[in-house]
Amino acid sequence: MPETMHRMQREIQTDQPSVAAEAMVRTHVIHELSVEPGDADFVFEERVRGTDLLSLESTNCSGTLSGSMEPGSTVMIYWMKTGAGSVDDEPVAIGRPVLFRQRPQRFRWTECSKDLLRIDRSIVEQVAAERGDWAPGPLEFRPHHVPEGPTLAAWWLMVRAVAQEVMAGPDEVPVERERELARFAAGGLLSAIPHWPVGQVERPLAATARFARAETFLLEHATEQITVDDVAAAAGLSVRGVQAAFQRHHGITPTMYLRRIRLLLAREQLEAADGRSVAEIARATGFAHLGRFAGSYRREFGELPRQTAASARDDRP
């Protein structure tokens with residue numbers, strides 16, 4: 001029998017700030033925590049599910065949460081869905097991943113809804129070493145980096161896959177499968193945030209390792225009419241080598257990975273409701289055939305592009 005891990009699950013809903021504070025202290029390493037009710041009735045909800053290798057957390061609070069937080073032996077990255085937030089007094093944008101540094105950092109979240117992903121730090125360092133062709137060890141990340149465009153789409157592609165398995169998967173999971181999933185999550189994080197070994201100066205992501213070069217080329221040219229041959233040539237790999245590398249790191253072919261990146265880009269632009277037509281957005285995100293784009297979009301998101309566009313227009317003030 002393979003060794004297994006138990007995915008713990010903890011949920012709390014309270015209208016008491018003191019109970020909310022106790023919940024947060026259980027979940028995080030926090031100093032000088034303050035939980036302050038707002039003008040509305042106080043509501044705090046927290047849901048945590050996962051293992052020591054990988055976990056997801058969702059928090060909703062009608063008040064203000066503040067203090068100093070450190071990730072300990074994990075790498076933590078969160079994203080605001082609603083509300084206002086800051087880390088070290090730097091405001092954070094809604095819908096953009098924000099990385100916590102290894103040292104304690106001040107946070108403040110007001111009337112917030114946010115999600116947080118936690119990955120075992122040693123796994124992140126090991127995956128970074130393989131991708132960057134350096135020895136495993138502590139990492140530096142580019143401060144205050146905000147992913148945009150294809151790299152942001154790559155991040156959300158990873159989050160969707162991880163969330164589906166962590167939140168809806170079995171309570172008992174083989175250790176090797178959980179480690180594979182944590183490595184997959186680490187790859188998505190490392191694609192989104194530039195990084196390098198501690199003690200070195202920043203260098204371009206994917207400077208040496210072939211798979212990282214392939215992934216970076218694909219993301220940098222995601223909206224262009226590139227082929228797997230182009231990706232292979234940029235990375236110095238054979239087409240078969242590129243196919244195998246993407247299957248190993250992302251669980252799908254490079255063609256499918258590229259298509260999903262483009263679909264997520266298209267969805268973000270449709271939701272922006274900036275006045276462009278569905279056809280214009282399809283072309284801008286790399287889709288040459290509108291009918292195939294609409295079919296792929298519906299299979300991915302359960303609705304047609306025009307429905308997303310119409311909902312976005314209706315939601316605009």
Side-chain angles (χ1 to χ4, degrees), residues 1-13 23-29 45-60 69-79 81 97-100 102 113-131 136 139 153-193 195 211-212 215 243-254 256-257 260-261 264 299-302:
M1 292 287 292
E3 186 181 358
T4 63
M5 301 183 75
H6 179 75
R7 282 193 179 124
M8 68 89 180
Q9 179 163 321
R10 185 170 65 249
E11 297 185 48
I12 185 169
Q13 181 174 349
M24 291 190 67
V25 169
R26 267 201 314 273
T27 305
H28 300 283
V29 179
E45 299 173 332
E46 181 184 79
R47 182 184 184 192
V48 184
R49 179 168 166 83
T51 66
D52 290 340
L53 299 182
L54 180 68
S55 64
L56 276 166
E57 170 195 329
S58 293
T59 305
N60 298 290
M69 184 182 297
E70 55 184 301
S73 62
T74 68
V75 174
M76 295 194 323
I77 189 164
Y78 82 95
W79 53 101
K81 295 187 288 187
V98 179
L99 181 75
F100 271 97
Q102 180 66 16
S113 175
K114 68 174 185 65
D115 290 340
L116 184 145
L117 176 67
R118 196 190 309 254
I119 313 169
D120 177 80
R121 183 171 295 275
S122 65
I123 289 178
V124 175
E125 291 173 354
Q126 180 63 48
V127 173
E130 294 169 8
R131 292 164 61 94
L139 298 172
W155 161 260
W156 291 127
L157 186 62
M158 177 276 289
V159 168
R160 291 175 66 204
V162 167
Q164 182 176 5
E165 183 153 349
V166 170
M167 303 307 288
D171 293 339
E172 298 293 329
V173 59
V175 171
E176 281 308 307
R177 174 55 191 154
E178 188 73 350
R179 187 170 293 276
E180 288 173 8
L181 191 62
R183 286 176 56 84
F184 175 73
L189 165 66
L190 295 165
S191 296
I193 310 290
H195 55 278
F211 167 71
E215 183 185 61
Q243 299 276 7
F246 271 82
Q247 195 69 48
R248 183 169 64 254
H249 286 274
H250 292 299
I252 53 179
T253 67
M256 185 177 295
Y257 183 76
R260 288 184 173 174
I261 292 294
L264 284 164
R299 285 191 294 274
E300 188 74 14
F301 302 115

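Just so it is clear, the structure is predicted and the values come from calculations on it, not from any experiment. We use all heavy atoms of the structure for the numbers below, so side chains are in, but hydrogens, waters and symmetry mates are not.
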Could you tell me which non-hydrogen atom of Met76 sits nearest to which non-hydrogen atom of Thr74, and how far apart they are?
CG-OG1, 3.5 Å
Search all heavy atoms of Glu46 against all heavy atoms of Ala23 and return the closest pair with its distance.
OE1-O, 3.8 Å
Considering non-hydrogen atoms only, spot the tightest contact between Pro97 and Ile77 and give its length.
CB-CD1, 3.6 Å
With Trp155 via ring pair (Phe, Tyr, Trp, His ring centres under 6.0 Å) - residues at least two apart:
Trp79
Quick one: side-chain contact (heavy atoms from CB on, under 4.5 Å) partners of Ser73, sequence neighbours excluded?
none
For Arg49, all residues meeting side chain to side chain donor-acceptor pair (under 3.5 Å), sequence neighbours excluded
Gln9, Asp171
Going by the angle between their ring planes, with limits at 30° and 60°, are His250 and Tyr257 parallel, tilted or perpendicular?
parallel
Flag yes if more than 12 heavy atoms outside Glu172 fall under 6.0 Å of its CD atom; otherwise flag no.
yes
For Ile123 and Ala182, which heavy atoms make the closest approach, and how far apart are they?
CD1-CB, 3.7 Å
Drop me the distance from Gln102's CD to Arg121's CZ, to the nearest 0.5 angstrom.
3.5 Å
Where is the tightest heavy-atom contact between Ala185 and Val162, given as atom of each residue plus distance?
CB-CG2, 4.0 Å
By salt bridge (Lys or Arg N to Asp or Glu O under 4.0 Å), Glu178 pairs with (sequence neighbours left out) Arg7
Those residues that, when tested against Glu130, pass side chain to side chain donor-acceptor pair (under 3.5 Å) (two or more places apart):
Gln126, Arg183
Closest approach of Ser113 to Asn60 (non-hydrogen atoms, all atoms of both residues):
OG-OD1, 2.7 Å
With rounding to the nearest 0.5 angstrom, report the CD1 to CG distance, Ile261 to Leu157.
5.0 Å
Name all residues meeting the side chain to side chain donor-acceptor pair (under 3.5 Å) criterion together with His249; count only those two or more places apart in sequence or in a different chain, and write none if there are none.
none
Test of understanding: with salt bridge (Lys or Arg N to Asp or Glu O under 4.0 Å), list the residues that count as partners of Arg47, not counting sequence neighbours.
Glu11
Of all residues at least two apart in sequence or in a different chain, which pass the side-chain contact (heavy atoms from CB on, under 4.5 Å) check with Ala245?
Phe211, Arg248
Could you check whether any side-chain heavy atom of Leu99 comes within less than 4.5 Å of a side-chain heavy atom of Leu189, counting everything from C-beta outward?
yes
Can you tell me how far apart CZ (Arg10) and CD1 (Ile12) are? Round to the nearest 0.5 Å.
8.5 Å
With Val166 as reference, evaluate Thr51, Leu54, Leu117 under the side chain to side chain contact (heavy atoms under 4.5 Å, CB included) test and give the passing residue.
Leu54
Between Thr253 and Gln247, is any pair of side-chain heavy atoms under 4.5 Å apart?
yes
Measuring from atom CZ of Arg131 to atom OG of Ser191, what distance do you get when rounded to the nearest 0.5 angstrom?
4.0 Å
Listed by chain and number, what are the side-chain contact (heavy atoms from CB on, under 4.5 Å) partners of Ala128, not counting sequence neighbours?
Trp134, Leu139, Leu190, His195
Apply side-chain hydrogen bond (donor to acceptor under 3.5 Å, both in side chains) to the pair Glu57 and Thr59, showing each step before the final yes or no.
CA-CA 7 Å; Glu57 170 195 329; Thr59 305; 3.1 Å; yes
Spacing of CG belonging to Leu181 relative to CZ belonging to Arg177, to within rounding of 0.5 Å:
5.0 Å
Please enumerate all residues that pass salt bridge (Lys or Arg N to Asp or Glu O under 4.0 Å) together with Asp115, with sequence neighbours excluded.
Lys81
With sequence neighbours left out, the residues meeting side-chain contact (heavy atoms from CB on, under 4.5 Å) with Ala163 are Leu56
Taking side chain to side chain donor-acceptor pair (under 3.5 Å) as the definition, give me every residue that meets it alongside Glu300, ordered by chain and number, with sequence neighbours left out.
Arg160
When you look at Met8 and Val48, which way does the side chain to side chain contact (heavy atoms under 4.5 Å, CB included) test go after all the steps?
CA-CA 8 Å; Met8 68 89 180; Val48 184; 3.3 Å; yes
Around atom CZ of Arg179, are there more than 12 heavy atoms from other residues, nucleotides or ligands closer than 6.0 Å?
no
Take Phe246 and Met256 through the side chain to side chain contact (heavy atoms under 4.5 Å, CB included) test and state the conclusion after the steps.
CA-CA 10 Å; Phe246 271 82; Met256 185 177 295; over 6 Å; no
